[in-house]
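Protein chains get the first letters and strands the later ones, always in sequence-line order, with residue 1 at the start of each. Below, all heavy atoms of this structure are taken into account, side chains as well, without hydrogens, waters or symmetry copies.
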Protein chains: 2
Amino acid sequence: MSRSGTGRGRGTGRATLGEVAQAAGVSTMTASRTLSQPELVTEATRARVEQAVQALGYVPNRAARALASNRSRVIVALVPSLSNAVFTAVLDGIQDAVDASQYQLLIGITHYSDAEEEKLLRTYLQSDPDGILLPGLSHSAGVRSMLETLSVPVVAMMDLAASPDTLSVGFSQSEAGMALTRHLLAKGYRRIAFVGAQLDERTLRRADGWRQAMQEAGLFDARLEIMTPEPSTVALGAALMQRVLAGLPDCDAVFFCNDDLAHGAIFHCQRAGIPVPGRIAVAGFNDLPASSLMVPSLTTVDTPRYQVGYQAASLLLDTIAGKLPKARRIDLGFTLREREST
Amino acid sequence: MSRSGTGRGRGTGRATLGEVAQAAGVSTMTASRTLSQPELVTEATRARVEQAVQALGYVPNRAARALASNRSRVIVALVPSLSNAVFTAVLDGIQDAVDASQYQLLIGITHYSDAEEEKLLRTYLQSDPDGILLPGLSHSAGVRSMLETLSVPVVAMMDLAASPDTLSVGFSQSEAGMALTRHLLAKGYRRIAFVGAQLDERTLRRADGWRQAMQEAGLFDARLEIMTPEPSTVALGAALMQRVLAGLPDCDAVFFCNDDLAHGAIFHCQRAGIPVPGRIAVAGFNDLPASSLMVPSLTTVDTPRYQVGYQAASLLLDTIAGKLPKARRIDLGFTLREREST
DNA sequence: CTGAAAGCGCTTACAG
DNA sequence: CTGAAAGCGCTTACAG
């Protein structure tokens, strides 16, 4: 015997579309159509169905819809970290774009690990996503082959693809690195160090930009490049600044790959009584909220991360909908913020 | 005619469990069992099925599984904001707990709005969640009635429920507010202002704690309470500090409801040449990463937000699994960090 | 504009 | 330890 007198068998106990249809005196498929394509139905029918929906508190079952329609209406977004304010802004942009659609967003945190990225993607394939948002351009062979097999649209975020085969929304990390370095050169700094942490793809591209600008100026010196795989934090920035001051006494400016490192560096100098930029200039990247307010205010590069998320998600949704995008590679640019610290 | 020669009809084009079963020479249900309860199957069968899974690159279809089993294996987590580092840490904890399970996490951002919270919940009901994580204890009537109708477990995060009917994981916001205020009183400050922004539930509870401590000390003065619904940011902290200095000249200490406000306040004082704590003491809440490193370092309350997320998700998953929790109300406490700014 | 029927890809009592 | 069959709640060509 069924567990209740409603005849719902092993169901959820919630109203089904069939029950809505019955209450409205129409067939299930007419009820279905009323919800998905109301313009194909008489006004009278629509009213009766909508009333039944209200009366029964009907909530459509996504799993059934996905299974029957063979469209999951799911998109997956992978980001490296939530601790990095850059990616929370990207996610905010994605959310806002997706919220306006019928799509459901599945968020995965890769912790900057290729292996985790691959594992997450594999798990999320169970939800049969209609599209995917990924950070950056470089992925493991496993991820690349999964994406090929899948044949759903993929949009790369935060950098620009070289090939037009890849949909991408972002800005040139290397040009931004170059622009900031050139600013420092123009200010007269000569021994400009680059300090990179985490060593994700974007940091490496910024380092490329720094290297190129230094080479162009005839001032490149490999000893000025300080790289560590440790996660980028304020505390690490303080420690690395100490290391620069001790190990590179003639260094007159430091380009930190992220603002949080630069904040730590400035705090360290402040505590040690080292004038910034008098003794040494400090620049960061991303223009985090504190950067314009701290003392000295921080020279940095403002990046359009919310827009990256918003536009990447919009591009993905448009592509899923079969619209031909105006551009397959959307360059949102960046803005140099010259402040007191340089 | 079907759109391909594979006989897969309007399907996804991916291997199904039936195809795996066929390749392994067993029935579909034996294949199903091999994946879900391998201990109920001979080793030989298991090997053949697993080989077929590998060969066909089989990925289970979540929608079909959810529909057939009437268990979505979905849990929903709502948080107010991603800009607030507190909630990204909560989410990290939730993710880590959920990743170890077979559950899929759906994340929603309420932007501190009851209306958005209700809308998100309504949307996520389409996924028929097996459990829900919500920030705080107070929700709109609409949300409360949805939760009652749903009858799935709900865990409140970041504060402690008064009633044992509610599962909750967090700490007492009001006691934390009291503890910090008492620290300031013990240090000899008398005209201690409370500055609250956003005015979410947690900020209001911290204000309650401040008020109670001030009343106990016979020092309460309503003019010392400065509340604004604006979002909490570093820039707002600088502006509010300016307002305190101008409007409350005898104020000797300020308790900001969040560290980012306190950071802005310290930056403002630094820029204006106002000694902290010499002229005025500054305290925050949450112990954000920069707080221990800035100059002066910030007195604040360290909150176990990652653990809140992790334990809340664990409690939810245990409850879904039918395990009786040891406690329905998990108090993770807080830690006062006495530093230079007071 | 509306409907009967098949089917999406799984799982689940129930037998054997 | 393994299987036949029904069913989860929808959508979709195809008719009329």
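Put simply, CG on B/Asn70 is 10 Å from P on C/dT12, counting in whole angstrom units. The CG atom of B/Leu35 sits 12 Å away from the C1' atom of C/dT11 (whole-angstrom rounding). The CD-C1' distance, from B/Gln126 to D/dC10, rounds to 12 Å in whole Å. Rounded to a whole Å, the CG atom of A/Asn61 is 8 Å from the C1' atom of D/dC8. Straight-line distance from the CZ atom of A/Arg62 to the C1' atom of D/dT11: 15 Å, rounded to whole Å. Here C/dG9 presents its P atom at 14 Å from CG of B/Leu56, a figure rounded to the nearest Å. For the pair A/Leu17 CG and D/dC8 P, the interatomic distance rounds to 14 Å; values are reported in whole Å. In this entry the distance linking CZ of A/Arg71 with P of D/dC10 reads 18 Å, nearest Å.
Enclosure of atom CD in B/Gln22 is not indicated, since only 12 or fewer non-hydrogen atoms of other residues, nucleotides or ligands lie within 6.0 angstrom. Within a 6.0 Å sphere centred on CD of A/Glu43, heavy atoms belonging to other residues, nucleotides or ligands number 12 at most.
Among the nucleotides D/dC8, D/dT11, C/dG3, the one closest to any side-chain atom of A/Thr30 is C/dG3. In this structure, the nucleotide among D/dA4, D/dT11, D/dG7 sitting nearest to the side chain of B/Ser27 is D/dA4. Nearest to the side-chain atoms of A/Thr16 among the listed nucleotides D/dG9, C/dT12, D/dT11 stands D/dG9. Here the side chain of B/Leu67 is nearest to one of D/dG3, C/dT11, D/dG9, namely D/dG9. Across D/dG9, C/dC10, D/dT12, the shortest atom-to-atom separation from the side chain of B/Arg65 is found for C/dC10. In this structure, the nucleotide among D/dA13, C/dG7, C/dT11 sitting nearest to the side chain of B/Ser69 is C/dT11. Checking D/dC10, C/dA13, C/dT11 against every side-chain atom of A/Tyr58, the shortest atom distance belongs to D/dC10.
Using a distance-only test at 3.5 Å, with no hydrogens or angles considered, a donor-acceptor pair links the side chain of A/Arg328 to the main chain of A/Asp165.
The side chain to side chain contact (heavy atoms under 4.5 Å, CB included) test with B/Pro80 is passed by exactly one of B/Glu116, B/Arg202, B/Met158, B/His111: B/Arg202. Screening A/Arg144, A/Glu117, A/Glu118 against A/His139 for a side chain to side chain donor-acceptor pair (under 3.5 Å) leaves a single residue, A/Glu117. The side chain to side chain contact (heavy atoms under 4.5 Å, CB included) test with A/Leu167 singles out one residue from A/Leu133, A/Leu315, A/Val154, and that residue is A/Leu315.
Donor-acceptor pairing under 3.5 Å is recorded for the side chains of A/Thr42 and A/Thr45. For the 3.5 Å distance criterion, the side chains of B/Tyr103 and B/Arg71 qualify, holding a donor opposite an acceptor. Side-chain polar atoms of B/Asp96 and B/Tyr306 form a donor-acceptor pair below 3.5 angstrom.
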Exercise. Just do the side chain to side chain contact (heavy atoms under 4.5 Å, CB included) check on A/Val76 and A/Ile107 with the steps written out, would you?
Key: CA-CA 6 Å; A/Val76 166; A/Ile107 296 169; over 6 Å; no
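Within residues 38-49 of chain A, no residue has any heavy atom closer than 4.0 Å to DNA chain D.
Within the nucleic acid shown, A/Arg33 comes within 4.0 Å of at least one base atom, counting heavy atoms only.
Stem analysis of DNA chain C (at least three stacked-register Watson-Crick or G-U pairs, each with both distances under 3.5 Å) gives C:1-3 with D:14-16, C:5-12 with D:5-12, C:14-16 with D:1-3.
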